Each structure stands twice: as C-alpha cells, then as structure tokens.
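These notes are about the structure you will find just below.
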Amino acid sequence: MAVIGIGVDLVDVARFERALHRTPALRDRLFAADERTRNGAELSARSLAGRFAAKEALIKALGDSW
C-alpha cells in the first residue's frame, strides 16, 4: 500500500459545540448514524469534533472531497 498524501486538520471544540447547538441537524449532515454513537450511546460534541477532524484530514490526504 502506498501513501497517497498527508492530511492534518484541527477543530476548535468550543466552536464545533456551538455549531451543533445552533444547528441540531448538522449532526445528521456530518455523520452517519453509526458514527454518532458508541455502544448505543450518543457521542459527546468533543468526540464528534475529533471524528470530524479525522474525516477532514482523510479528505485532504486523498486530495479530493468526492
């Protein structure tokens, strides 16, 4: 397996939490149902922010958002 690229992303957790609070539908737009939960429990905004950063970094590493 070859390295395609490197992706790094940071998320301001407080800003991410405010965005989720202001726009509750954002959770559904950014994450699939199985990404929002762990062992049947809804993940915290802090955990979702980390997942969002990881997804953004992957997109950057692959070089395309499609």
Side-chain angles (χ1 to χ4, degrees):
M1 183 159 132
V3 175
I4 296 172
I6 297 173
V8 177
D9 202 79
L10 299 173
V11 175
D12 181 335
V13 175
R15 184 175 178 205
F16 191 81
E17 287 175 330
R18 287 192 304 271
L20 290 177
H21 181 71
R22 269 192 327 269
T23 312
L26 192 58
R27 284 180 199 262
D28 295 337
R29 285 200 321 249
L30 295 176
F31 304 101
D34 60 337
E35 291 178 305
R36 294 188 307 264
T37 61
R38 183 180 303 136
N39 299 327
E42 191 76 18
L43 290 174
S44 68
R46 180 182 279 294
S47 292
L48 291 175
R51 288 185 181 215
F52 180 74
K55 290 171 73 166
E56 288 289 309
L58 177 63
I59 289 169
K60 290 176 183 178
L62 296 176
D64 196 350
S65 63
W66 297 105

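Source: prediction; values computed, not measured. Because only heavy atoms are used, hydrogens play no part in the values below, and waters and symmetry mates are left out as well, while side chains stay in.
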- Message: Using every non-hydrogen atom in the two residues, find where Asp34 and Arg51 come nearest and quote the distance to one decimal.
- Response: O-NH1, 4.3 Å

- Report yes if some heavy atom in the side chain of Phe16 is under 4.5 Å from a heavy atom in the side chain of Leu20; otherwise report no. yes

- If you look at every heavy atom in Ala53 and Val11, which pair is closest and at what distance? CB-CG2, 3.6 Å

- Lys60 to Gly7 - nearest heavy-atom pair and separation: CB-CA, 4.0 Å

- Hydrophobic cluster membership, Val13 vs Leu48, 4.5 Å side-chain cutoff: no

- Message: Are Leu58 and Lys55 packed together at the side-chain level, in the sense that at least one heavy-atom pair is separated by less than 4.5 angstrom?
- Response: no

- Query: When you check the gap from the basic side-chain N to the acidic O, do Asp28 and Arg36 get nearer than 4.0 Å?
  - Reply: yes

